[in-house]
Asks: 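The structure is given below, and queries will be raised subsequently.
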2 protein chains.
Amino acid sequence: MEISKILANQTRVDILKWLKNPEDNFPPHQDIDHFNDGVCVGYIQDKAGLSQSTISTYLNAMQHVKLVIPTRHGKWTYYKRNEEVITNYLEGLQKEL
Amino acid sequence: MEISKILANQTRVDILKWLKNPEDNFPPHQDIDHFNDGVCVGYIQDKAGLSQSTISTYLNAMQHVKLVIPTRHGKWTYYKRNEEVITNYLEGLQKEL
DNA sequence: TTGATATATCTAGAATACTAGATATGTTTT
DNA sequence: AAAACATATCTAGTATTCTAGATATATCAA
(Lines give C-alpha, C1' and ligand atoms only; values in the text may rest on other atoms or scores of the structure.)
Protein backbone atom coordinates (compact mmCIF):
# COMPACT_ATOMS: atom_id res chain seq x y z
CA MET A 1 0.00 0.00 0.00
CA GLU A 2 1.26 3.45 -0.83
CA ILE A 3 2.10 6.01 1.80
CA SER A 4 -0.79 8.41 1.11
CA LYS A 5 -3.32 5.59 1.61
CA ILE A 6 -1.58 4.47 4.76
CA LEU A 7 -1.95 7.99 6.13
CA ALA A 8 -5.62 8.09 5.10
CA ASN A 9 -6.46 5.84 8.05
CA GLN A 10 -6.99 7.57 11.38
CA THR A 11 -5.71 4.72 13.53
CA ARG A 12 -2.46 4.54 11.60
CA VAL A 13 -2.00 8.29 11.91
CA ASP A 14 -2.76 8.01 15.61
CA ILE A 15 -0.06 5.38 16.00
CA LEU A 16 2.49 7.69 14.43
CA LYS A 17 1.38 10.48 16.72
CA TRP A 18 1.58 8.30 19.83
CA LEU A 19 5.07 7.20 18.89
CA LYS A 20 6.24 10.80 19.00
CA ASN A 21 5.95 10.69 22.78
CA PRO A 22 5.91 7.12 24.02
CA GLU A 23 6.38 8.24 27.64
CA ASP A 24 3.11 10.18 27.50
CA ASN A 25 1.12 7.52 25.69
CA PHE A 26 2.27 4.12 26.91
CA PRO A 27 3.16 2.41 30.17
CA PRO A 28 6.86 1.67 30.69
CA HIS A 29 8.20 -1.57 29.33
CA GLN A 30 9.18 -4.30 31.76
CA ASP A 31 12.53 -5.53 30.51
CA ILE A 32 13.62 -2.24 29.00
CA ASP A 33 13.45 1.05 30.85
CA HIS A 34 13.49 3.34 27.83
CA PHE A 35 11.72 3.71 24.49
CA ASN A 36 14.85 3.93 22.36
CA ASP A 37 13.57 1.30 19.98
CA GLY A 38 9.95 2.37 20.24
CA VAL A 39 6.92 0.58 21.60
CA CYS A 40 5.86 -3.07 21.55
CA VAL A 41 2.87 -4.22 19.50
CA GLY A 42 0.78 -5.17 22.51
CA TYR A 43 0.84 -1.67 23.95
CA ILE A 44 -0.07 -0.15 20.63
CA GLN A 45 -2.90 -2.62 20.29
CA ASP A 46 -4.27 -1.80 23.75
CA LYS A 47 -4.17 1.91 23.01
CA ALA A 48 -5.80 1.56 19.59
CA GLY A 49 -8.49 -0.82 20.75
CA LEU A 50 -8.37 -2.97 17.63
CA SER A 51 -7.52 -6.64 17.30
CA GLN A 52 -4.00 -7.98 17.47
CA SER A 53 -4.05 -9.09 13.84
CA THR A 54 -5.30 -5.75 12.63
CA ILE A 55 -2.62 -3.80 14.45
CA SER A 56 0.07 -6.19 13.30
CA THR A 57 -1.16 -5.79 9.73
CA TYR A 58 -1.14 -2.00 10.07
CA LEU A 59 2.38 -1.96 11.48
CA ASN A 60 3.55 -4.27 8.74
CA ALA A 61 2.16 -1.94 6.08
CA MET A 62 3.74 1.07 7.76
CA GLN A 63 7.04 -0.72 7.98
CA HIS A 64 6.84 -1.65 4.30
CA VAL A 65 6.93 2.00 3.27
CA LYS A 66 9.46 2.69 6.01
CA LEU A 67 7.28 4.98 8.08
CA VAL A 68 8.31 2.93 11.11
CA ILE A 69 11.34 0.85 12.04
CA PRO A 70 10.91 -2.49 13.82
CA THR A 71 13.40 -3.92 16.28
CA ARG A 72 13.15 -7.37 17.75
CA HIS A 73 13.98 -7.87 21.44
CA GLY A 74 13.27 -11.41 22.48
CA LYS A 75 9.57 -12.10 22.18
CA TRP A 76 8.76 -8.50 21.48
CA THR A 77 8.89 -6.36 18.40
CA TYR A 78 9.29 -2.67 19.07
CA TYR A 79 8.27 -0.09 16.54
CA LYS A 80 9.55 3.46 16.34
CA ARG A 81 9.01 6.31 13.91
CA ASN A 82 11.30 6.77 10.96
CA GLU A 83 11.65 10.54 11.23
CA GLU A 84 13.62 10.87 8.03
CA VAL A 85 10.96 9.25 5.88
CA ILE A 86 8.15 11.13 7.58
CA THR A 87 9.87 14.48 7.14
CA ASN A 88 10.78 13.68 3.59
CA TYR A 89 7.20 12.75 2.76
CA LEU A 90 5.83 15.94 4.28
CA GLU A 91 8.33 18.06 2.39
CA GLY A 92 7.47 16.34 -0.87
CA LEU A 93 3.78 16.87 -0.27
CA GLN A 94 4.39 20.51 0.55
CA LYS A 95 6.17 20.99 -2.75
CA GLU A 96 3.85 19.09 -5.03
CA LEU A 97 0.53 20.23 -3.61
CA MET B 1 -15.33 12.09 2.30
CA GLU B 2 -12.61 13.47 4.48
CA ILE B 3 -9.68 15.41 3.13
CA SER B 4 -7.00 12.79 3.75
CA LYS B 5 -8.96 10.23 1.74
CA ILE B 6 -9.53 12.71 -1.03
CA LEU B 7 -5.79 13.26 -1.24
CA ALA B 8 -5.16 9.49 -1.24
CA ASN B 9 -6.27 9.35 -4.87
CA GLN B 10 -3.64 10.13 -7.47
CA THR B 11 -6.01 11.65 -10.00
CA ARG B 12 -7.41 14.07 -7.46
CA VAL B 13 -3.92 15.08 -6.41
CA ASP B 14 -3.02 15.51 -10.06
CA ILE B 15 -5.97 17.82 -10.55
CA LEU B 16 -4.80 20.03 -7.71
CA LYS B 17 -1.32 20.07 -9.17
CA TRP B 18 -2.57 20.95 -12.65
CA LEU B 19 -4.62 23.79 -11.25
CA LYS B 20 -1.48 25.39 -9.86
CA ASN B 21 -0.48 26.31 -13.41
CA PRO B 22 -3.48 26.19 -15.71
CA GLU B 23 -1.53 27.91 -18.51
CA ASP B 24 0.95 25.06 -18.62
CA ASN B 25 -1.59 22.27 -18.36
CA PHE B 26 -4.69 23.30 -20.26
CA PRO B 27 -5.60 24.95 -23.55
CA PRO B 28 -6.96 28.50 -23.30
CA HIS B 29 -10.66 28.91 -22.75
CA GLN B 30 -12.76 30.25 -25.59
CA ASP B 31 -14.99 32.84 -23.99
CA ILE B 32 -12.58 33.83 -21.26
CA ASP B 33 -8.96 34.68 -21.90
CA HIS B 34 -7.64 34.03 -18.40
CA PHE B 35 -7.82 31.35 -15.73
CA ASN B 36 -8.87 33.65 -12.90
CA ASP B 37 -11.70 31.35 -11.93
CA GLY B 38 -9.84 28.17 -12.76
CA VAL B 39 -10.48 25.53 -15.39
CA CYS B 40 -13.67 24.06 -16.82
CA VAL B 41 -14.65 20.46 -16.10
CA GLY B 42 -14.26 19.31 -19.69
CA TYR B 43 -10.59 20.28 -19.85
CA ILE B 44 -9.88 18.56 -16.57
CA GLN B 45 -11.67 15.49 -17.81
CA ASP B 46 -9.66 15.38 -21.04
CA LYS B 47 -6.42 15.73 -19.14
CA ALA B 48 -7.29 13.07 -16.57
CA GLY B 49 -8.63 10.60 -19.10
CA LEU B 50 -11.51 9.46 -16.94
CA SER B 51 -15.23 9.67 -17.58
CA GLN B 52 -17.21 12.86 -17.24
CA SER B 53 -19.23 11.53 -14.33
CA THR B 54 -16.14 10.39 -12.48
CA ILE B 55 -14.41 13.74 -12.80
CA SER B 56 -17.56 15.58 -11.82
CA THR B 57 -17.86 13.35 -8.77
CA TYR B 58 -14.23 13.98 -7.85
CA LEU B 59 -14.59 17.73 -8.18
CA ASN B 60 -17.75 17.66 -6.14
CA ALA B 61 -15.98 15.82 -3.33
CA MET B 62 -13.07 18.22 -3.46
CA GLN B 63 -15.41 21.15 -3.37
CA HIS B 64 -17.23 19.67 -0.40
CA VAL B 65 -14.11 19.90 1.75
CA LYS B 66 -13.30 23.25 0.14
CA LEU B 67 -10.10 22.16 -1.57
CA VAL B 68 -11.44 23.83 -4.72
CA ILE B 69 -13.80 26.69 -5.45
CA PRO B 70 -16.35 26.43 -8.26
CA THR B 71 -17.55 29.37 -10.32
CA ARG B 72 -20.34 29.15 -12.85
CA HIS B 73 -19.97 31.03 -16.14
CA GLY B 74 -22.83 30.24 -18.44
CA LYS B 75 -22.74 26.59 -19.39
CA TRP B 76 -19.38 26.05 -17.78
CA THR B 77 -18.29 25.48 -14.23
CA TYR B 78 -14.73 26.53 -13.53
CA TYR B 79 -12.77 25.12 -10.65
CA LYS B 80 -9.79 26.70 -8.98
CA ARG B 81 -7.67 25.80 -5.99
CA ASN B 82 -8.53 27.07 -2.54
CA GLU B 83 -5.01 27.97 -1.46
CA GLU B 84 -6.01 28.84 2.07
CA VAL B 85 -7.51 25.45 2.78
CA ILE B 86 -4.66 23.59 1.11
CA THR B 87 -2.03 25.51 3.05
CA ASN B 88 -3.94 25.11 6.26
CA TYR B 89 -4.25 21.38 5.77
CA LEU B 90 -0.54 21.00 5.06
CA GLU B 91 0.38 23.01 8.12
CA GLY B 92 -1.90 20.92 10.28
CA LEU B 93 -0.42 17.72 8.94
CA GLN B 94 3.07 19.05 9.52
CA LYS B 95 2.25 19.72 13.13
CA GLU B 96 0.39 16.55 14.00
CA LEU B 97 2.59 14.06 12.20
C1' DT C 1 -39.41 26.50 -28.15
C1' DT C 2 -36.33 23.13 -29.85
C1' DG C 3 -31.83 21.29 -30.12
C1' DA C 4 -27.14 21.25 -28.66
C1' DT C 5 -23.77 21.48 -25.11
C1' DA C 6 -21.72 21.36 -20.31
C1' DT C 7 -22.12 19.64 -15.91
C1' DA C 8 -24.41 17.14 -12.08
C1' DT C 9 -26.62 13.21 -10.12
C1' DC C 10 -28.33 8.37 -9.94
C1' DT C 11 -27.36 3.49 -10.13
C1' DA C 12 -24.63 -0.35 -9.96
C1' DG C 13 -20.70 -3.52 -10.60
C1' DA C 14 -15.66 -4.14 -9.72
C1' DA C 15 -11.73 -3.24 -6.91
C1' DT C 16 -9.65 -2.17 -2.67
C1' DA C 17 -9.51 -1.31 2.33
C1' DC C 18 -11.02 -2.72 6.98
C1' DT C 19 -11.16 -5.93 10.46
C1' DA C 20 -11.27 -10.09 13.22
C1' DG C 21 -10.82 -15.08 14.17
C1' DA C 22 -7.96 -18.92 13.40
C1' DT C 23 -3.56 -20.55 12.81
C1' DA C 24 1.56 -20.33 12.26
C1' DT C 25 6.10 -18.82 13.78
C1' DG C 26 9.56 -17.43 16.89
C1' DT C 27 11.22 -16.82 21.65
C1' DT C 28 11.50 -17.66 26.50
C1' DT C 29 10.77 -20.43 30.52
C1' DT C 30 10.32 -24.60 32.95
C1' DA D 1 10.99 -31.05 25.04
C1' DA D 2 6.80 -28.85 26.41
C1' DA D 3 4.13 -24.96 27.74
C1' DA D 4 3.42 -20.08 27.55
C1' DC D 5 3.59 -15.79 25.39
C1' DA D 6 4.22 -12.11 21.65
C1' DT D 7 3.80 -11.29 17.05
C1' DA D 8 2.94 -12.51 12.17
C1' DT D 9 0.27 -14.45 8.57
C1' DC D 10 -3.86 -16.63 6.45
C1' DT D 11 -8.73 -16.46 5.36
C1' DA D 12 -12.86 -14.35 4.77
C1' DG D 13 -16.87 -11.26 5.49
C1' DT D 14 -18.12 -6.31 5.52
C1' DA D 15 -17.52 -1.59 4.20
C1' DT D 16 -15.82 1.85 1.29
C1' DT D 17 -13.88 3.59 -2.89
C1' DC D 18 -13.62 3.64 -7.86
C1' DT D 19 -15.59 4.19 -12.08
C1' DA D 20 -18.74 4.40 -15.92
C1' DG D 21 -23.27 4.45 -18.25
C1' DA D 22 -27.71 6.39 -18.04
C1' DT D 23 -30.35 10.15 -16.91
C1' DA D 24 -31.40 14.84 -15.12
C1' DT D 25 -30.56 19.77 -15.01
C1' DA D 26 -29.00 24.17 -16.60
C1' DT D 27 -27.61 27.26 -20.20
C1' DC D 28 -26.91 28.77 -24.80
C1' DA D 29 -27.99 28.96 -29.79
C1' DA D 30 -31.05 28.76 -33.61
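First the proteins, then the strands, lettered A, B, ... as listed; each starts at 1. Here the structure is a predicted model, which means the values were calculated and not measured.
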Asks: Check the phosphate of C/dT7 against B/Tyr58, side-chain N and O only, distance under 4.0 Å to OP1 or OP2. Yes or no?
Replies: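 For C/dT7, neither OP1 nor OP2 has a side-chain N or O of B/Tyr58 closer than 4.0 Å.
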
Asks: Would you please say whether a donor-acceptor pair under 3.5 Å links the side chains of B/Glu84 and B/Asn88?
Replies: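 B/Glu84 vs B/Asn88: no donor-acceptor pair found between side chains.
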
Asks: Could you tell me the separation between the CG atom of B/Leu7 and the P atom of D/dC18, rounded to a whole number of Å?
Replies: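 Atom-to-atom, B/Leu7 to D/dC18, this comes out as 11 Å.
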
Asks: Would a hydrophobic clustering, with Ile, Leu, Val, Met, Phe, Trp and Tyr connected at side-chain separations under 4.5 Å, put B/Ile55 with B/Val13?
Replies: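 Yes; B/Val13 is reachable from B/Ile55 via cluster members.
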
Asks: Indicate the ring-plane relationship of A/Phe26 and A/Tyr43, choosing parallel, tilted or perpendicular according to the 30° and 60° boundaries.
Replies: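 The arrangement is parallel - the two ring planes meet at less than 30°.
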
Asks: For C/dA17, does OP1 or OP2 lie under 4.0 Å from any side-chain N or O of A/Asn9?
Replies: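 Checking C/dA17 against A/Asn9, no side-chain N or O comes under 4.0 Å of OP1 or OP2.
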
Asks: So, is A/Thr77 close to the D/dA8 phosphate, meaning a side-chain N or O under 4.0 Å from OP1 or OP2?
Replies: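 Yes, A/Thr77 has a side-chain N/O under 4.0 Å of OP1/OP2 on D/dA8.
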
Asks: Within less than 4.0 Å of OP1 or OP2 of C/dA20, is there a side-chain N or O belonging to A/Ser53?
Replies: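 Result: no.
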
Asks: Just to confirm, is there a sub-4.0 Å distance from OP1 or OP2 of D/dA8 to any side-chain nitrogen or oxygen of A/Ser56?
Replies: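 So the side chain of A/Ser56 is within the cut-off, an N or O lying under 4.0 Å from OP1 or OP2 of D/dA8.
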
Asks: If you assign B/Arg72 and A/Lys5 each to the DNA chain C nucleotide with the nearest heavy atom, which residue ends up on the more 5' nucleotide?
Replies: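 With B/Arg72 and A/Lys5 compared, the 5'-side residue is B/Arg72.
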
Asks: Which whole-number value in Å describes the distance from A/Met62 CE to C/dA17 P?
Replies: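 That distance rounds to 16 Å.
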
Asks: B/Glu2 has an atom CD; how far is it from atom P of C/dA17, in whole Å?
Replies: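 Going from CD in B/Glu2 over to P in C/dA17 covers 15 Å.
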
Asks: Expressed as a whole number of angstroms, how long is the span from B/Gln10:CD to C/dT16:P?
Replies: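 Taking atom P of C/dT16 as the reference, CD of B/Gln10 is at 15 Å.
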
Asks: Could you give the CG-to-C1' distance, from A/Asn60 to C/dT25, as a whole number of Å?
Replies: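 So the CG-C1' distance, A/Asn60 to C/dT25, works out to 14 Å.
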
Asks: Is there a path of hydrophobic side-chain contacts, each under 4.5 Å between heavy atoms of I, L, V, M, F, W or Y residues, that connects B/Ile69 with B/Met62?
Replies: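 No, B/Ile69 and B/Met62 fall in different hydrophobic clusters.
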
Asks: Please determine whether a side-chain nitrogen or oxygen atom of A/Ser51 lies at a distance below 4.0 Å from atom OP1 or OP2 of C/dT19.
Replies: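 No.
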
Asks: Please classify the nucleic acid contact of A/Tyr79 as base, sugar-phosphate, or nothing, using heavy-atom distances under 4.0 Å.
Replies: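 Touches sugar-phosphate only.
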
Asks: Please pick, from D/dA6, D/dC18, C/dA8, the nucleotide with the shortest atom-to-atom distance to any side-chain atom of A/Trp76.
Replies: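 Shortest atom-to-atom distance from the side chain points to D/dA6.
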
Asks: Find the distance B/Ile6:CD1 to D/dT16:C1' and express it as a whole number of Å.
Replies: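 The answer, rounded to whole Å, is 14 Å.
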
Asks: Would you mind reading off the distance between A/Ile15 atom CD1 and C/dC18 atom C1', rounded to a whole angstrom?
Replies: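 In whole Å, C/dC18 C1' and A/Ile15 CD1 are 13 Å from each other.
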
Asks: Remember a base hit wins even if backbone is also touched, and classify B/Leu50 as base, sugar-phosphate or nothing at under 4.0 Å, heavy atoms.
Replies: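 Counting heavy atoms under 4.0 Å across all strands, the contact made by B/Leu50 is with sugar-phosphate only.
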
Asks: More than 12 non-hydrogen atoms from neighbouring residues, nucleotides or ligands closer than 6.0 Å to NZ on A/Lys17, yes or no?
Replies: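 Yes.
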
Asks: Rounded to the nearest angstrom, tell me the gap between atom NE2 in B/His64 and atom P in D/dT17.
Replies: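 Distance, rounded to whole Å: 13 Å.
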
Asks: Classify the side chain of A/Gln52 versus the base of D/dA8 as yes if they form a donor-acceptor pair under 3.5 Å and no if they do not.
Replies: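 It does, because a donor-acceptor pair links the side chain of A/Gln52 to the base of D/dA8 below 3.5 Å.
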
